[in-house]
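Structure first, then comments.
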2 protein chains.
Amino acid sequence: MKRDSRLSGVLHVLLHMAEADAPVTSEAMAKAMRTNPVVIRRIMAGLRDAGFVHSEKGHGGGWTIARDLADITLRDVYAALGSPELFAMANRTETPGCLVEQAVNAALNSAFQDATALLLNRFGAVTLAALSADFHARMVTSGKFIDLESGHAA
Amino acid sequence: MKRDSRLSGVLHVLLHMAEADAPVTSEAMAKAMRTNPVVIRRIMAGLRDAGFVHSEKGHGGGWTIARDLADITLRDVYAALGSPELFAMANRTETPGCLVEQAVNAALNSAFQDATALLLNRFGAVTLAALSADFHARMVTSGKFIDLESGHAA
DNA sequence: TTTCATGAAACTTCATATGTTGCGAGATGA
DNA sequence: TCATCTCGCAACATATGAAGTTTCATGAAA
């Protein structure tokens, strides 16, 4: 199955935005992420609607973070993306008439529900500020620095 | 993303096999599952190789369960399918040079690893015998019975 | 030797994440 | 005013992989 990397991607973009002191254009982010500006706008749309980021048109426009990084958790970001499916496995039939399948679904659903709760709790416990701090710690440790050209840590 | 229903499907098939007292053909199972015999053989292949089921060709042939249901856990079945991907979300890049992406991956991987452990533990704690017992309990509760024609509980 | 069944390969179909193109709208600056 | 920059959005193209299908070979039973 083709796995969804929007959460990973949007977090990456947000942390890069956090490093910039001016609005970042979709094109600049796309270059850094080696993808297309439209893809950036697409994954940012939910965050904009949720009020986590702000976008401005025209000269000097682009994207800015609209809240304190400490006030945005991975769970918020996940929700802003529309709470996409977490698991790669599905029940064969969601509302089966077959009692065997009901028993199978019940067992699998129970496990997946608990795993969902675990994941959402974990996501809720991590703020963008924490991720950013981790990034800065890695920068110190590695001796690498931000490449201002691309907005990417080199 | 297109989600994988092989685990759900193979469990369904196994429990139906457990109800039968003679080998069940791929075609019969396919009819009960409203799919194609080749699909059945495909998802059963791993279980056969793992020794959980046995297949026989020719007249009176078909599939039989080769072990006690109490000795097969959902985790065994999952492994026999080749331990397919559990999650629908992936990191944008698995081995990023970018330190930002490393920080993002680390946070997400940590959560997903814990969720994986939870799921595998849950799967390991459920045997086919337990699922079968649950099925029989549902049959009593619902007043429904096995439809011998299709091998399906109606 | 006919029929029934699995085994395996090749192919088609379908869903969907991702990539791309094109154009309109709004903002900036000359 | 007008050119330019930027996002917003729709439409279309591409790629991947699960699921379904077709076909033929192999072996067992009647």
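Residue numbering restarts at 1 for every chain, and letters A, B, ... go by the order of the sequence lines. Since this is a predicted model, take the numbers as computed values, not measurements.
Summarising the geometry, atom CD1 belonging to B/Ile40 is positioned 9.5 Å from atom NE2 belonging to B/His12; distances are rounded to the nearest 0.5 Å.
Scanning all heavy atoms of the two residues, the minimum distance from B/Ser26 to B/Trp63 falls at OG-NE1, 3.0 Å. Here the closest heavy-atom approach between residue A/Pro37 and residue A/Ala30 is recorded as N-CB, 3.4 Å.
Per the geometry, CZ belonging to B/Phe87 stands 18 Å off P belonging to C/dA17, to the nearest Å. Regarding B/Asn36, its CG atom lies at a distance of 13 Å from the C1' atom of C/dC11, rounded to whole Å. Computed from coordinates, the B/Lys2 NZ to C/dT13 C1' distance equals 8 Å when rounded to whole Å. In this entry the distance linking CG of A/Leu7 with P of C/dA17 reads 14 Å, nearest Å. Here the P atom of nucleotide C/dT21 and the CD atom of A/Glu27 are 13 Å apart, to the nearest Å. A straight line from CZ of A/Arg41 to C1' of C/dG24 spans 12 Å, rounded to a whole angstrom.
Each of A/Val38 and A/Arg3 lies near DNA chain C, and the nucleotide nearest A/Arg3 is the one positioned closer to the 5' end. Mapping A/Ala45 and B/Arg6 onto DNA chain D by nearest heavy atom places A/Ala45 closer to the 5' end of the strand. Sequence order on DNA chain C of the closest nucleotides to B/Gly61 and A/Asp4 puts B/Gly61 first from the 5' end.
The nucleotide range of DNA chain D contacted by chain A, defined by atoms under 4.0 angstrom from heavy atoms of the protein and reported 5' to 3', is D/dT4 to D/dA18.
At most 12 heavy atoms of other shown residues, nucleotides or ligands fall within 6.0 angstrom of atom CD in A/Glu27. Under a cut-off of 6.0 angstrom, the local environment of CG in B/Asp68 is crowded, with over 12 non-hydrogen atoms contributed by other residues, nucleotides or ligands.
In this structure, B/Arg92 contributes its side chain and A/Met33 its backbone to a donor-acceptor pair below 3.5 Å.
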Under 3.5 Å, which N/O atoms of the protein pair with N/O atoms of nucleotides 26-30 of chain C?
from	atom 1	to	atom 2	distance (Å)
C/dG26	N2	A/Gly58	N	3.2

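Partners of A/His59 according to the side chain to side chain donor-acceptor pair (under 3.5 Å) rule, which considers only residues two or more places apart in sequence or in another chain, do not exist here.
B/Arg34 comes within 4.0 angstrom of no nucleic acid atom, judged by non-hydrogen atoms across all strands.
Between B/Leu128 and the options B/Leu11, B/Asp71, B/Asp76, B/Thr73, a side-chain contact (heavy atoms from CB on, under 4.5 Å) holds for only B/Leu11.
Relative ring orientation between A/Phe123 and B/Phe112 is described as perpendicular, the plane-to-plane angle rising above 60° on a 0-90° scale split at 30° and 60°.
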